[in-house]
Number of protein chains: 2
Amino acid sequence: MSKRKTVLVEEESMAAVAEREARPPVEAIRAAAFAQFAERGYPVVTVRDIMKACGLTQGALYNHFKSKDELLHDIIASTQGELERQCQQAVAGAGGDPCAELAAFVRVYVIRHCRLRIEALVANREIGWLDSARVADIRRSRRAIRDIVVTILRHGVEKGVFDPPRVDGKHDLKAMAMALLDQCTHVSMWYGPGGDLTEEQMAKLYTGMALRMVGAAPQPA
Amino acid sequence: MSKRKTVLVEEESMAAVAEREARPPVEAIRAAAFAQFAERGYPVVTVRDIMKACGLTQGALYNHFKSKDELLHDIIASTQGELERQCQQAVAGAGGDPCAELAAFVRVYVIRHCRLRIEALVANREIGWLDSARVADIRRSRRAIRDIVVTILRHGVEKGVFDPPRVDGKHDLKAMAMALLDQCTHVSMWYGPGGDLTEEQMAKLYTGMALRMVGAAPQPA
DNA sequence: AAACCTCCTGAACGACCGTTCACATTGGCC
DNA sequence: GGCCAATGTGAACGGTCGTTCAGGAGGTTT
């Protein structure tokens, strides 16, 4: 039977077999599902597709996950959780200076979204397919990240280090935080390692833009 | 028969009937499809759903569109085309000064993405479902818009009006244009008219951020 | 050796998909 | 009146979907 399979399944059998033997099937399934969701989108990837990609049949999925939906949530939640953790850590390590905090945040956030752009793309694009119960904790984590940025901005303004644009005499730090996060997040939609800039250069560029956006004193570049 | 329908179909029949009688069915279909794609996403909205929403049955779709795919393309392409036209027009009317051009561009782009956020959301989120032949002209239009921004930035730098951040001594105007467009585009993902800012205030805020990003001389706010 | 547990198989289920088609129904035009 | 083109109907087609389940294979415990 396994002989028949190694004959019939052609181009991806090496990878599939390697994956199955290197790690427990739960992780092989996660990895295969992730790759296919990224490439083709959750609703058009079938359970059969996912399982075939890791050398199993449809039914085996349900030994490891309750449903296709839970599988997607599992993938997104783990990415999101680590993103939040990394953001907190970056800011905490910056020593309280708003400029340093903002720079550290943007740097970590951009580099992560360059390096793990596929993960970010899936998390952002496929989240809408989760049922409302499962989507709640993801949204909470996103709000938490946004609030980290808002806090940095507010401290900066209070200390007089930042001087962000006003509309009708007032700031809107929440909207600015959204704008900043939007531009950093969507790096994952177009950045490619073969392009003009390295991850490091992307981080520098985006840090520079962020500091200018908030009206920080010019940094030595 | 029509009597039976007005009795059976309950909560949306008023809207459906109003739409069917106010405009030709092609437009009613377009509108219904658009609304459902926006709310639930192209692949899970069925032809039956769309046609029921405008008081017809599945088969009637194919009197007006060749396929579900063509219907989606029709919706996205018309939005995209008008966006491109509006952007060109805004820049052309700014009189050649890079600051004014950038401000006019961002203003038009942001206000449009606040006001027609659902259209933008559909165009951005669902484009991936189009087959490759139909997606080509949409991508072309997006590149054209990006190049408008790149051109503004280049002129500004050449004239010494802009001083954007450098990485390793060099600009990357394409990456900056992407960052700027990303942040403006994704306003459509979170802006709501009930929020803290009006469209006009959003435009001011984003114009301010854009001018700072590129290192333009501070404007009187 | 027998019992047991974990994991996988692959047929089967009921539902729904996009699309087609033979057949009304309508309204203008000769 | 008869004719035609446009448009809608709803059954039907071939296919695929997520999920279930009876059964088999292999390893560990008793």
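Proteins get letters first, then strands, A, B, ... in listed order; numbering begins at 1 in each.
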[X] [atom1] to [N] [atom2], straight-line distance once rounded to whole Å:
X	N	atom1	atom2	answer
A:F65	C:dC7	CZ	P	13 Å
B:R40	C:dC16	CZ	P	13 Å
B:I29	D:dT9	CD1	P	10 Å
A:K52	C:dC8	NZ	P	18 Å
B:Q36	C:dC17	CD	P	12 Å

So that I can tick it off, tell me whether B:E200 and B:R107 are bridged by a salt bridge, with the cut-off set at under 4.0 angstrom between side-chain N and carboxylate O. yes
Are side-chain N/O atoms of B:E84 and B:S141 paired as donor and acceptor at under 3.5 Å? yes
Less than 3.5 Å apart, any donor N or O on the side chain of B:W190 or A:D182 sitting next to an acceptor on the other? yes
Cationic tip of B:K68 above B:Y42 ring, under 6.0 Å, 45° of axis: yes
I want to check one thing: is the phosphate of D:dA6, taken as OP1 and OP2, less than 4.0 Å away from some side-chain N or O of B:H64? no
If only side-chain N and O atoms of B:N63 are considered, is one of them under 4.0 Å from the OP1 or OP2 phosphate oxygen of D:dG8? yes
Which heavy-atom pair separates A:C114 from A:E199 by the least distance, and what is that distance? CB-CG, 3.7 Å
Does A:Y109 have any ring-ring contact (aromatic ring centres under 6.0 Å, His included) partners at least two apart in sequence or in another chain, and if so, which? A:F105, A:H113
Protein-proximity profile, nucleotides 14-21 of chain D, B/S/- by nucleotide at the 4.0 Å heavy-atom cutoff, equals ---SBBB-
